[in-house]
There are 2 protein chains.
Amino acid sequence: MPRTREFHPDSVLDAALDLFWRKGYKACSMADVVKKTGVARYGLYQAFKDKDQLYCCTLRRYRQKVRDFLYSSFLQPNDQPDFHTLAEHFNRILDELETGEYQGCFAHQAAIERAGKDPEVDAIVSGFFKDIEDHYRALLIRSVELKQVRDLPVEDLVAYVMGIQRALIAMSKQNCSIQERRNYVRCALELMQP
Amino acid sequence: MPRTREFHPDSVLDAALDLFWRKGYKACSMADVVKKTGVARYGLYQAFKDKDQLYCCTLRRYRQKVRDFLYSSFLQPNDQPDFHTLAEHFNRILDELETGEYQGCFAHQAAIERAGKDPEVDAIVSGFFKDIEDHYRALLIRSVELKQVRDLPVEDLVAYVMGIQRALIAMSKQNCSIQERRNYVRCALELMQP
DNA sequence: TTCGTTTCAGAACGTATATTCTGAAAACAA
DNA sequence: TTGTTTTCAGAATATACGTTCTGAAACGAA
């Protein structure tokens with residue numbers, strides 16, 4: 001009976017993610033999304049309720065994209081990632097920050113701009129970092145067994161590696177050169193080894 | 001001849017810093033500043049030109065406050081700070097994040113929300129982190145001499161310690177518990193030692 | 001006191017924003 | 001075809017924003 005929708009919600013989310021990531025939550029208006037996607041205002045509000053919900057949806061989509069990135073880093077070519085896999089993973093992130101069109105991490109940006117203002121954002125951000133921790137944990141347990149890293153409590157190692165990632169993300173927003181970033185990661189990983 | 005000004009610019013900056021820090025650049029309006037300070041709009045624009053300039057002034061003021069914090073951390077009670085001083089310094093930061101009324105670092109927030117949008121902000125942020133690096137460098141040179149830390153190039157150590165700080169700031173915005181933060185700092189500092 | 005200058009308090013202006021409303025068009029069932 | 005339902009495109013609304021303007025008030029010099 002009804003008229004069929006002329007846009008695909010996922011493509012709207014990709015466009016909105018691009019805009020929110022580039023400009024931030026406040027500085028990106030619904031008019032910006034309309035202009036970029038060509039989708040009518042009515043369609044956006046019908047599909048996503050309001051701006052806050054649209055933002056949360058883009059954040060969830062980002063989380064899924066990063067999850068895919070993690071799987072592709074840690075589960076190929078074999079299913080036994082170890083410390084070398086971690087080094088390669090950070091190199092992938094360094095390459096992405098160097099050549100990709102986005103600086104920094106959308107979830108971290110969301111945490112800073114919307115922390116404590118939208119509980120739903122808080123929850124997604126927490127889950128986002130939990131995803132990453134889980135991948136690191138599995139890898140680090142194996143690295144300890146193989147004596148590739150110092151023999152410390154696994155949770156300490158997880159927190160330490162999360163710290164490397166957090167620092168790297170921060171650096172890429174604070175005018176640190178690519179060389180500085182690579183040196184930092186190399187040094188921080190070296191200090192983990194026995 | 002003229003009528004005398006009824007407010008003190010520095011107290012306006014303190015109030016504006018509080019608001020910008022809490023809400024962010026976009027989400028804090030000039031009306032908010034007027035309401036909080038009681039100063040007339042005209043007075044604000046006369047003293048600070050416009051919102052961007054007011055923001056830059058608060059950022060410079062924040063930089064100075066942090067400089068004072070660094071001096072009080074590193075130049076007391078003696079003038080020979082070493083690795084133990086660094087550990088105490090991070091404990092001060094941890095305490096401040098735990099009991100203080102602000103979460104995170106205003107300069108880092110500025111970098112994320114306004115990076116690439118206002119060159120003046122970029123410059124102040126760069127200088128801000130350079131200040132901190134300089135303090136860490138002097139301390140780390142001495143720590144290496146005293147063999148309190150592993151014998152690595154000083155610039156690597158500086159980058160590493162800056163990384164600890166960056167990670168700590170990020171954690172305090174990402175729902176990490178106080179215990180997690182303290183564990184992380186302890187672990188990261190331990191790995192520096194021989 | 002009077003005059004000139006500056007601040008004050010708030011109105012005013014123009015623009016931008018999030019959201020809703022409106023009539024026409026499209027799709028499909030009957 | 002007709003009728004019903006939904007989307008479309010854009011106008012409309014109400015608010016918020018950054019900034020400027022206006023007249024009254026305060027201050028100090030003459």
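Every chain is numbered from 1, with letters handed out A, B, ... down the list of sequences. Heavy-atom basis, side chains included; hydrogens, waters and symmetry copies ignored. None of the values given here were measured: they were computed from a predicted structure.
Using a 4.0 Å cutoff on non-hydrogen atoms, no part of residues 15-35 of chain B comes near DNA chain C. For the segment residues 42-54 of chain B, the set of residues with a heavy atom within less than 4.0 Å of an atom of DNA chain D comprises B:Y42, B:Y45, B:D50, B:K51, in numerical order.
Residues forming a salt bridge (Lys or Arg N to Asp or Glu O under 4.0 Å) with B:D131 (at least two apart in sequence, or on another chain): B:R63, B:R67. In this structure A:D122 satisfies the side-chain contact (heavy atoms from CB on, under 4.5 Å) test together with A:A115, B:N175, sequence neighbours excluded. Partners of A:E101 by side-chain contact (heavy atoms from CB on, under 4.5 Å), not counting sequence neighbours, listed by chain and number: A:R22. Evaluation of the side-chain hydrogen bond (donor to acceptor under 3.5 Å, both in side chains) rule for B:Q165 yields B:Y136 as partners, not counting sequence neighbours. The side-chain hydrogen bond (donor to acceptor under 3.5 Å, both in side chains) search around B:R166 returns A:Q174, not counting sequence neighbours. Under the side-chain hydrogen bond (donor to acceptor under 3.5 Å, both in side chains) criterion, A:K65 pairs with A:D14, not counting sequence neighbours. In this structure, the side-chain contact (heavy atoms from CB on, under 4.5 Å) partners of B:Q148, at least two apart in sequence or on a different chain, are B:D82, B:F83, B:H84, B:S143, B:L146.
With the nearest nucleotide of DNA chain D identified for both A:R41 and B:T4, A:R41 has the one nearer the 5' end.
The aromatic rings of B:Y25 and B:F20 lie parallel to each other, their planes meeting at an angle below 30°, with 60° marking the opposite boundary.
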Anything under 3.5 Å between a donor and an acceptor, one on a side chain of residues 32-39 of chain B, the other on a protein residue two or more places apart or in another chain? List them.
| from | atom 1 | to | atom 2 | distance (Å) |
| --- | --- | --- | --- | --- |
| B:D32 | OD2 | B:K23 | NZ | 3.1 |
| B:D32 | OD2 | B:S29 | N | 3.0 |
| B:D32 | OD2 | B:S29 | OG | 3.3 |
| B:K36 | NZ | B:D18 | OD2 | 3.1 |
| B:T37 | OG1 | B:V33 | O | 2.7 |
| B:T37 | OG1 | B:V39 | N | 3.1 |

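Side-chain contacts under 4.5 Å among hydrophobic residues (ILVMFWY), followed directly or transitively, place A:I112 together with B:I112.
We find that OH of B:Y55 is positioned 17 Å from P of D:dC17, with the value rounded to whole Å.
A donor-acceptor contact under 3.5 Å links the side chain of B:R3 to the base of C:dT7. You won't find any donor-acceptor pair under 3.5 Å spanning the side chain of A:R5 and the base of D:dT6, going by distance alone.
In the helix from C:dT1-D:dA30 to C:dA30-D:dT1, the terminal helix axes, each the rotation mapping four pairs' C1' atoms onto the next four within five end pairs, subtend 10°, rounded to 10°.
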